[in-house]
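Note that these values count all heavy atoms, side chains included, but never hydrogens, waters or copies made by symmetry. The sequence lines fix the lettering, A, B, ..., with proteins before strands; numbering per chain opens at 1.
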Protein chains: 2
Amino acid sequence: MRVEASAASERPVPARPNLAAVAALAGVSASTASLAFSGAGPVSEPTRAKVFAAAEALNYAGPDPRAQSLRRGRSGIIGVVIDDRLRDAFRDPANISMLDGLADELGGAGLAMLLLTDTGEGAAGISLAPMDAVVLVGCSTELHSSVKIFRQRGIPVIAIEAEHMPDVFPIDLDNRDATALGARHLKQLGHENVAVVSLPLESSHARGPLTREREAASGSFTARQRILGARDVYPNLVGVASAGSFIEEGLIAGRALLAATPRPTAIIAQSDLLAVGVIRAAAELGIAVPADLSVLGFDGVSVEGVAPLELTTLVQPSVEKGRAAGRAAIALLDGGEPDPIAFVCVLRMGNSTGPVNS
Amino acid sequence: MRVEASAASERPVPARPNLAAVAALAGVSASTASLAFSGAGPVSEPTRAKVFAAAEALNYAGPDPRAQSLRRGRSGIIGVVIDDRLRDAFRDPANISMLDGLADELGGAGLAMLLLTDTGEGAAGISLAPMDAVVLVGCSTELHSSVKIFRQRGIPVIAIEAEHMPDVFPIDLDNRDATALGARHLKQLGHENVAVVSLPLESSHARGPLTREREAASGSFTARQRILGARDVYPNLVGVASAGSFIEEGLIAGRALLAATPRPTAIIAQSDLLAVGVIRAAAELGIAVPADLSVLGFDGVSVEGVAPLELTTLVQPSVEKGRAAGRAAIALLDGGEPDPIAFVCVLRMGNSTGPVNS
DNA sequence: CTGTTAGCGCGTTCAC
DNA sequence: GTGAACGCGCTAACAG
């Protein structure tokens with residue numbers, strides 16, 4: 001009441017009180033009030049109490065984050081760029097685990113995650129949203145243009161499973177070697193006629209047979225590396241690209257591959273969800289797994305719906321990958337220069353693979 | 001080069017050029033440069049070209065979002081508060097669909113989603129992060145304190161499936177009526193001994209039998225409403241609370257409920273994932289579904305792993321719920337007063353429910 | 001311990 | 001069409 005009367009007969013109800021108003025009511029200077037809120041400087045107890053009382057009276061909720069962020073040069077926000085539609089990204093448990101690890105690490109440091117896509121209309125956010133650092137996930141060909149923008153904006157970039165680029169901090173996974181390891185496992189079991197179901201190769205998510213041209217042009221580093229790993233063991237490998245890491249897509253791809261003559265005796269799926277779909281396709285066709293068909297997965301997430309089968313798969317440390325990205329972001333913001341990180345997959349033996357039977 | 005020589009012999013390489021620097025190089029005033037970037041005002045073509053050339057030369061990426069946001073009073077960020085750990089929230093397809101709809105609508109309006117949790121260390125974001133509006137999802141008891149903070153900060157609040165509160169825009173779902181509808185379906189089939197598996201009742205996510213005390217104290221509006229709906233038809237309903245909407249939890253709950261004597265002939269699960277778990281539990285125990293046990297789900301998401309069974313379930317418009325929340329946020333930001341929205345579930349008949357058999 | 005001063009980088013009045 | 005001045009709300013320096 002006093003404030004209204006003395007300070008502003010023009011605007012009777014200040015909708016959003018600011019620090020200055022609180023300071024004025026408390027009878028202290030703005031900087032003192034600021035210190036009282038941030039707790040950063042030495043403020044006497046009575047003063048601090050006065051400030052809080054004034055804030056209460058004015059219904060002041062604390063310093064405006066926008067102004068803080070301008071002044072401090074930090075927003076407390078870490079961008080997370082997904083190239084897929086969110087729906088797709090969220091459907092794969094491996095991705096979710098990664099985000100979970102990331103969120104965990106960032107949350108602990110008082111940072112929040114801003115979800116962005118680098119395609120579609122939401123892509124504007126990449127150049128407009130306030131961010132202190134950014135984590136690129138499941139990166140596509142758009143990567144380079146995005147990275148250029150971030151570099152211009154002076155925003156540190158962390159990329160998970162991407163081609164190495166200058167000024168981009170890499171979180172790597174041994175996609176190629178791991179897949180080769182899995183392929184060798186199949187080779188040891190005697191398999192010679194092997195096919196692959198890949199993750200989407202282009203941002204168009206087009207299904208269809210793998211060709212050297214498509215692979216070379218692919219924007220998906222992960223998919224490409226995993227194909228290369230399989231080729232390290234089976235140079236003449238054939239396969240199809242899926243439209244996404246879903247069970248349904250594995251089913252579609254599996255039907256296509258199992259219709260070939262001669263039928264492959266083993267299928268390398270680039271994710272566990274795809275592997276499950278392939279197993280479903282086999283079931284549909286009356287093909288026994290692992291007796292007549294071996295199926296290898298990737299990710300090591302627990303997937304429902306293949307019991308009593310246990311997927312033989314390449315287990316990747318998804319959660320740790322996310323945590324590492326979070327820690328890297330925090331370190332880069334502190335001006336540190338963390339060492340690049342590379343994770344390694346482990347082949348977990350289940351019973352979806354077995355000796356070739358013929 | 002020229003700039004360095006003339007403007008700053010002290011700092012040879014200005015790390016982050018600002019609008020003023022660009023304007024200076026272009027030989028125009030800062031306000032003109034600003035207009036050139038925003039495209040909002042009349043700027044002659046030559047001038048505009050000069051400005052962009054200068055920006056290019058200085059490697060200027062455009063106006064600083066932080067400063068824009070302070071000046072404009074908008075950050076372009078919509079907060080999304082999840083009370084669970086992200087991992088839990090992401091594991092339920094119904095939730096993901098909702099987020100997808102939300103992201104879609106917001107992305108189209110150039111807004112980005114900031115993910116926040118209202119528990120744990122990340123909760124600081126609630127009072128610190130810059131946001132223009134906020135969507136509360138799967139809200140817990142913490143709701144009220146959060147809402148108070150947002151109100152103080154002058155941030156519009158949208159709450160999905162929450163108790164109505166002043167100044168909170170509701171997106172409702174007929175959880176109670178829908179569950180009652182499903183329960184009546186069971187009643188018509190002759191079931192009298194019915195049990196329920198609920199979503200977590202408290203933020204502790206404690207498993208255990210439902211009691212009137214627990215229900216009354218529950219922070220989960222959705223779980224409570226669905227229980228009430230079941231009670232509308234079966235007043236003496238018993239049940240257990242799960243620790244989350246996962247198949248595994250349904251399995252645990254199913255085992256517990258199916259060990260009772262007399263064994264229930266029907267189980268109402270508060271999500272499809274829980275329902276699948278219950279069906280698994282039945283399978284373990286050699287109980288046939290639907291012959292010896294009817295199982296009712298909720299959500300209508302496509303769940304893997306019960307084929308050839310088709311879940312009888314209450315289908316909710318998850319994606320639309322998210323879209324509605326997004327549209328409401330946008331409308332509220334525009335100063336509009338959109339009408340509250342309420343969605344209705346539909347009972348989809350599958351073959352996981354059938355006539356009581358005894 | 002507290003107050004004063006000076007911006008952070010930008011967008012928006014107004015004049016011209 | 002363009003420029004000059006001011007202020008968004010806050011905080012880092014210093015001064016007292």
Give the nucleotide from the list C/dC1, D/dG1, C/dG9 with an atom nearest to the side chain of B/Asp64.
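Nearest to the side chain of B/Asp64 among the choices is C/dG9.
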Taking the minimum atom-to-atom distance to the side chain of A/Ser31, which one of C/dG9, D/dA5, D/dA12 wins?
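In terms of side-chain proximity for A/Ser31, the closest of C/dG9, D/dA5, D/dA12 is D/dA12.
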Could you tell me how far apart [X] ([atom1]) and [N] ([atom2]) are, to the nearest whole angstrom?
X       : N      : atom1 : atom2 : result
A/Leu19 : D/dT11 : CG    : P     : 6 Å
B/Gln68 : D/dC8  : CD    : C1'   : 13 Å
B/Arg74 : C/dG11 : CZ    : P     : 15 Å
B/Arg72 : C/dC10 : CZ    : P     : 11 Å

Check whether [X] reaches the backbone of [Y] with its side chain - one donor and one acceptor, N or O, closer than 3.5 Å.
X        : Y        : value
B/Asp132 : B/Gly76  : yes
A/Arg153 : A/Ser127 : yes
B/Asp64  : B/Arg66  : yes

Is the phosphate of D/dT2, meaning OP1 or OP2, less than 4.0 Å from a side-chain N or O of B/Ser29?
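So the side chain of B/Ser29 is outside the cut-off, no N or O lying under 4.0 Å from OP1 or OP2 of D/dT2.
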If you pin A/Ala40 and B/Ala67 to their nearest nucleotides in DNA chain D, which one's is more 5'?
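Nearest nucleotide further toward 5': that of B/Ala67.
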Would you kindly compare B/Arg71 and B/Ser44 by the position of their nearest DNA chain D nucleotide and give the one closer to the 5′ end?
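That would be B/Ser44.
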For a quick check of understanding: with a heavy-atom distance under 4.0 Å over all strands, which category does B/Phe37 fall into, base, sugar-phosphate or nothing?
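The answer is nothing, as B/Phe37 stays clear of every strand by at least 4.0 Å.
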Sugar-phosphate only, base, or nothing, as touched by B/Ser38 at under 4.0 Å among non-hydrogen atoms:
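No contact.
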Side chain to side chain contact (heavy atoms under 4.5 Å, CB included) with A/Ile158: which of A/Leu332, A/Leu136, A/Ile78?
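Going through the options one by one, the only one that passes is A/Leu332.
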Nearest-nucleotide comparison on DNA chain C, the residue closer to the 5′ end among B/Leu35 and B/Leu70:
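Comparing both residues, the 5'-ward one is B/Leu70.
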